[in-house]
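Starting from 1, each residue takes its place in the sequence as its number. Model, not experiment: these values are computed from the prediction.
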Amino acid sequence: MSAFLALEDGTIFRGESVGAAGAAFGEAVFTTAMTGYQETVTDPSFAEQLVCFTAPMVGNYGVAAGRAESTGAHAKAVLMREARGPEWTSWLQEHGIVALTGIDTRSLVLRLRDGGAMRAVAAADELDEADALDAVRARPTMEGAALVAQVSTPEPYVYCDAGTLRVAVLDYGCKRSILRRLAGAGAHVTVFPHTVDAEELLAYDAILLSNGPGDPEPLAYEVQVVRELLGRVPVLGICLGHQLLGLATGHDTYKLPFGHRGANHPVLERRSGRVLVTSQNHGFAVAPSESADATHVSLYDGTVEGFDFPELKARSVQFHPEAGPGPHDAWPILERWVVEVRHAA
């Protein structure tokens, strides 16, 4: 079936449908990761987004249940130069994801890089192009979008009860690989919804602020909870959790033009001078800062990629140390944190 992608600037990209029928509205973004397509689509941080893969061939090594980062798909649509199947395309259909192949992804990425991430629709139905553009332009932008509520767990649950260090995870859209890494490091892991209050969390030995989708600035309640935890219990933030820690400590966040999404992003660790190649997925960032608390910076645009507040028992990273998928330069961060908290207890 013929299909198309319509960007809010009026650009139309045509292709063929290999996924579910329908029209998927969201923000068109791109990721430069060469692998991890299933992990990407099931990552809650991609909620309300149409994901373009820069890799020229997607689906060539199939799918596996163990690669999923959540219980379902969160990306609204998948945009590919060449989709390979049948496992991958069948999986897309089964999960109700609009998916287009034959898209000129090189031209699309250049358009998004130059014009920024845009509102868009991927249409694999009878939607008229003119009507599609009108509908796209009527939709809200990602700025101001508080999306955590639609991906957070509704109730607390125990992920792993075998560890001795009790870690509470605030679920803003947490990836399974983060939970697996915590459990593998010997932590007893309990996951809480984003609406939990600080007093309940203080019963635990340490708190992890997870990744998640959307704009951090509207999340006033979540920021206040983080602020109430500081100095009282060890805290580690990842991705959105890093941004919330930044807001809680007086730093500013803003929307990046086209985001950082991929598995090859260079980050400078200021203390050692070492450059880490990292896995990233975010459209908002903490503004550049010369503060001594800013321990890591992006070598692309100088945005803050890490904090350390020893007096507040808090630290964070913008990138993904669980590397699901991605390079392992930052792999030790989670395990090292668990060990440090256990020894300090």
- Are there more than 12 heavy atoms of other residues, nucleotides or ligands under 6.0 Å from atom CZ of Arg176? yes
- Task: Please confirm whether the backbone N or O of Gly324 pairs with a side-chain atom of Lys175, one donor and one acceptor, at under 3.5 Å?
- Result: yes
- Stepwise side chain to side chain contact (heavy atoms under 4.5 Å, CB included) test for Leu240 and Glu222: CA-CA 11 Å; Leu240 179 61; Glu222 290 82 352; over 6 Å; no
- Closest non-hydrogen atom pair between Val109 and Cys52, with its separation: CG2-SG, 3.9 Å
- Ile178 and Val338: same hydrophobic cluster, using ILVMFWY side-chain contacts below 4.5 Å? yes
- On a heavy-atom basis, the closest approach of Thr253 and Pro216 is OG1-CG, 3.7 Å
- Pairs where residues 213-232 contributes a residue and the test ring pair (Phe, Tyr, Trp, His ring centres under 6.0 Å) is met, not counting sequence neighbours: none
- Atom of Pro234, atom of Val341 and distance for their closest heavy-atom approach: CB-CG2, 3.8 Å
- Message: Assess the residue pair Glu48 and Lys76 against the criterion (salt bridge (charged side-chain N to carboxylate O under 4.0 Å, His left out)); give the C-alpha distance rounded to whole Å, side-chain angles, the decisive distance to 0.1 Å, and a yes or no.
- Response: CA-CA 6 Å; Glu48 301 299 325; Lys76 299 293 290 291; 3.5 Å; yes
- Validation row: Leu312, Leu229 side chains within 4.5 angstrom (heavy atoms): no
- Message: Show the nearest heavy-atom pair for residues Pro327 and Ala323, with the distance to one decimal.
- Response: O-CB, 3.3 Å
- Task: Would you sort out whether Glu8 and Leu133 count as a side chain to side chain contact (heavy atoms under 4.5 Å, CB included), showing the intermediate values?
- Result: CA-CA 6 Å; Glu8 64 176 279; Leu133 284 170; over 6 Å; no
- Item | From CA spacing to verdict: side chain to side chain contact (heavy atoms under 4.5 Å, CB included), Val267, Leu299 | CA-CA 6 Å; Val267 171; Leu299 290 181; over 6 Å; no
- Item | Electrostatic pair Lys255:Glu27 at N-O distance under 4.0 angstrom | yes
- Message: Looking at Phe258, I'd like to know if the NZ or CZ of Arg113 sits under 6.0 Å from its six-membered ring centre while staying within 45 degrees of the ring's axis.
- Response: no
- Query: Hey, mind stepping through Thr190 and Val169 against side chain to side chain contact (heavy atoms under 4.5 Å, CB included) and telling me if it holds?
  - Reply: CA-CA 6 Å; Thr190 305; Val169 175; over 6 Å; no
- Can we call the ring centroids of Phe192 and Tyr204 under 6.0 Å apart? yes
- Task: Determine, step by step, whether Glu69 and Ser177 satisfy the side-chain hydrogen bond (donor to acceptor under 3.5 Å, both in side chains) criterion, reporting the C-alpha distance in whole Å, the side-chain angles of both residues, the deciding distance to 0.1 Å, and the verdict.
- Result: CA-CA 7 Å; Glu69 288 290 353; Ser177 53; 3.0 Å; yes
- Message: Strictly distance-based, threshold 3.5 Å: is any side-chain N or O of Arg81 a donor or acceptor partner for the main-chain N or O of Thr105?
- Response: no
- Task: May I ask you to decide if Phe309's main-chain N or O and Asp293's side chain share a donor-acceptor pair within less than 3.5 Å?
- Result: no
- Query: Can you tell me if Ser152 uses its side chain to pair, donor with acceptor, with the backbone of Ala149 under 3.5 Å?
  - Reply: no
- If the plane angle is over 60° it's perpendicular, under 30° parallel, otherwise tilted; pick one for Tyr61 and Tyr37. tilted
- Does Arg336 make a cation-pi contact with Trp331, if we ask for NZ or CZ under 6.0 Å from the ring centre and within 45° of the axis? no
- Item | Closest non-hydrogen atom pair between Val226 and Ala248, with its separation | CG1-CB, 3.9 Å
- Item | Note: Arg14-Glu129 ion pair, threshold 4.0 Å (strictly below) | yes
- Any side-chain heavy atom of Val98 sitting closer than 4.5 Å to one from Leu100? yes
- Query: Does a side chain donor of either Gln93 or Ser90 reach within less than 3.5 Å of an acceptor in the other side chain?
  - Reply: no
- Mind checking whether Phe307 and His251 have parallel, tilted or perpendicular rings, split at 30° and 60°? tilted
- Message: Taking Val41 as the starting point, is it possible to reach Val18 by hopping between hydrophobic residues whose side chains are less than 4.5 Å apart?
- Response: yes
- Message: Is there a side-chain contact between Val58 and Thr101 in this structure, where contact means two heavy atoms from C-beta onward sitting under 4.5 Å apart?
- Response: no
- Query: Applying the 4.5 Å side-chain criterion to the ILVMFWY set and letting contacts propagate, would Val191 and Leu209 be lumped into a single cluster?
  - Reply: no
- Task: Using only heavy-atom distances, determine whether the side chains of Asp43 and Thr40 contain a donor-acceptor pair under 3.5 Å.
- Result: no
- Item | hydrophobic_cluster_shared for Leu219 and Tyr172, side chain cutoff 4.5 Å | yes
- Query: Short question: side chain of Asp329, backbone of Leu276 - any donor-acceptor pair under 3.5 Å?
  - Reply: no
- Walk me through it: do Arg232 and Glu199 pass the test salt bridge (charged side-chain N to carboxylate O under 4.0 Å, His left out)? CA-CA 10 Å; Arg232 304 171 73 185; Glu199 293 305 315; 3.4 Å; yes
- Query: Given side chains that start at C-beta, do those of Cys174 and Leu179 come closer than 4.5 Å, heavy atoms only?
  - Reply: yes
- Could you list the residues that satisfy salt bridge (charged side-chain N to carboxylate O under 4.0 Å, His left out) with Glu82, not counting sequence neighbours? Arg84
- Query: Does Arg271 CZ have over 12 foreign heavy atoms under 6.0 Å away?
  - Reply: no
- Task: Flag the pair Asn281 / His260 as yes when at least one side-chain heavy-atom distance between them is below 4.5 Å, and no otherwise.
- Result: no
- Item | Over 12 foreign heavy atoms within 6.0 Å of CZ, Arg106 | no
- Message: Keeping Arg119 on the side-chain end and Arg137 on the backbone end, is there a donor-acceptor pair under 3.5 Å?
- Response: yes
- Message: Whether the Asn211 and Ser45 side chains hold a donor-acceptor pair (N or O, under 3.5 Å, no angle test) is what I'd like checked.
- Response: yes
- Determine whether the side chains of Ser279 and His320 contain a donor N or O and an acceptor N or O closer than 3.5 Å. no
- Message: Using side-chain heavy atoms (C-beta onward) and a distance below 4.5 Å, is His74 in contact with Ser70?
- Response: yes
- Side chains of Trp337 and Val167: closer than 4.5 Å at any heavy-atom pair? yes
- Message: I need the single residue from Glu305, Gln280, His296, Gln243 that forms a side-chain hydrogen bond (donor to acceptor under 3.5 Å, both in side chains) with Gln318. Which is it?
- Response: Gln243
- Heavy-atom closest contact (Leu127 atom, Ala132 atom, distance): CD2-CB, 3.5 Å
- Query: Out of curiosity, does Leu165 fall in the hydrophobic cluster containing Tyr157 (side-chain heavy atoms, cut-off under 4.5 Å, transitive links)?
  - Reply: yes
- Query: Just by distance, do the side chain of Thr303 and the backbone of Val286 share a donor-acceptor pair under 3.5 Å?
  - Reply: no
- Task: Classify the side-chain pair Asn264/Thr32 by whether it contains a donor and acceptor separated by less than 3.5 Å.
- Result: yes
- Message: Has Arg166 got a side-chain atom pairing as donor or acceptor with Ala203's backbone, closer than 3.5 angstrom?
- Response: yes
- Run the side-chain hydrogen bond (donor to acceptor under 3.5 Å, both in side chains) check on Ser316 and His242 step by step: do they pass? CA-CA 5 Å; Ser316 62; His242 161 76; 2.7 Å; yes
- Task: Flag the pair Leu108 / Leu7 as yes when at least one side-chain heavy-atom distance between them is below 4.5 Å, and no otherwise.
- Result: yes
- Counting distance only, does the side-chain N/O of Thr89 pair as donor-acceptor with the main-chain N or O of Gly85 below 3.5 Å? no
- Answer yes or no: does atom CD of Glu126 have more than 12 heavy-atom neighbours from other residues, nucleotides or ligands under 6.0 Å? no
